[in-house]
Amino acid sequence: MNRTLNEELIYEILSVVEEIPVGKVATYGQIAGLIGRERNARLIGRVLSMAEFYGRYPCHRVVNQAGRLAPGWKEQRGLLEGEGVPMKNETHVAIKLYQWEC
DNA sequence: CAATTGACTGGCA
DNA sequence: GTGCCAGCCAATT
């Protein structure tokens with residue numbers, strides 16, 4: 001498998017994701033802004049979906065603006081709970097109270 | 001190479 | 001809160 005995505009883009013995204021403190025969550029848009037691509041929130045999701053392939057990163061601490069977890073990814077909920085992020089329900093976290101602020 | 005899709009966001013109703 | 005539209009970009013088909 002080649003590095004399908006630009007390593008530069010990967011580095012920027014993952015470096016921000018890695019800075020998310022335990023017990024906090026960040027949104028795709030927030031990360032997108034930090035890497036200079038505010039309108040590319042989808043890219044964060046795309047890269048994060050393959051982040052495990054590039055390395056180990058807390059991609060489970062990244063959720064969408066509504067606080068919803070990644071569809072089709074059941075592990076994410078347990079990971080967040082294990083880090084001290086309570087779930088409002090099966091699919092949403094209390095991002096309103098736990099969103100990461102730099 | 002063209003079209004489609006997707007772990008999205010912000011604006012407006 | 002939900003729904004529709006437009007924009008942005010890489011991976012997949």
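By convention in this document, chain letters (A, B, ...) are assigned in the order of the sequence lines, proteins followed by strands, and residues within each chain are numbered from 1. No hydrogens, no waters, no symmetry mates; every other heavy atom, side chains included, goes into these values.
- Under the 3.5 Å distance criterion, the side-chain polar atoms of A:Gln76 are matched with a main-chain donor or acceptor of A:Val62.
- Partner of A:Ile44 under the side-chain contact (heavy atoms from CB on, under 4.5 Å) criterion, chosen from A:Asn64, A:Val16, A:Ile35, A:Leu34: A:Ile35.
- One can place CZ of A:Arg42 at 9 Å from C1' of C:dC9, the figure rounded to the nearest angstrom.
- Picking from C:dG7, B:dA7, B:dT9 the nucleotide with the shortest atom distance to the side chain of A:Ala70 gives B:dA7.
- Contact between the side-chain N/O atoms of A:Gln65 and the OP1/OP2 oxygens of B:dG10 is found at a separation under 4.0 Å.
- In A:Tyr98, the OH atom is not crowded: 12 or fewer heavy atoms of neighbouring residues, nucleotides or ligands sit closer than 6.0 Å.
- Between B:dA7, C:dA11, B:dG6, one nucleotide has an atom nearer to the side chain of A:Met50 than all others, and that is C:dA11.
- C:dG7 and B:dA7 have their P atoms separated by 22 Å, given to the nearest Å.
- If you chain together hydrophobic residues whose side chains sit under 4.5 Å apart, A:Tyr28 and A:Ile13 fall into the same group.
- Here C:dT2 presents its P atom at 10 Å from CZ of A:Arg68, a figure rounded to the nearest Å.
- Pairs passing the salt bridge (charged side-chain N to carboxylate O under 4.0 Å, His left out) check and including a residue from residues 74-87 of chain A, sequence neighbours excluded, read A:Arg61-A:Glu83, A:Arg77-A:Glu81, A:Arg77-A:Glu90.
- Listed by residue number, the members of residues 34-41 of chain A with any heavy atom below 4.0 angstrom from DNA chain C are A:Arg39, A:Asn40.
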Legend entry - Candidate pair A:Met50 and A:Ile10, rule side-chain contact (heavy atoms from CB on, under 4.5 Å), full reasoning: CA-CA 10 Å; A:Met50 306 198 301; A:Ile10 301 288; 5.7 Å; no
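- Taking 4.5 Å as the limit, some side-chain heavy atom of A:Leu80 sits within range of a side-chain heavy atom of A:Leu69.
- A straight line from CD1 of A:Ile95 to P of B:dC8 spans 12 Å, rounded to a whole angstrom.
- In this structure, the CD atom of A:Gln30 is 16 Å from the C1' atom of B:dA7, given to the nearest Å.
- Consecutive pairing runs in DNA chain C reach the stem threshold at B:2-6 with C:9-13, B:8-13 with C:2-7, where a stem means at least three Watson-Crick or G-U wobble pairs with distances under 3.5 Å.
- A:Arg37 places a side-chain heavy atom less than 4.5 Å from the side chain of A:Leu9.
- Rounded to whole angstrom, the span from the NZ atom of A:Lys96 across to the P atom of C:dG1 amounts to 6 Å.
- Remark: P of B:dG6 and CG of A:Leu48 are 18 Å apart, rounded to the nearest angstrom.
- Nearest to the side chain of A:Arg46, among C:dG7, B:dA7, C:dA11, sits C:dA11.
- The interatomic distance linking A:Leu9 (CG) with C:dC8 (P) rounds to 16 Å, in whole Å.
- One can place CD of A:Gln99 at 15 Å from P of B:dC8, the figure rounded to the nearest angstrom.
- Of all the heavy atoms in A:Val17 and A:Pro58, the pair that sits closest is O-CG, 3.4 Å.
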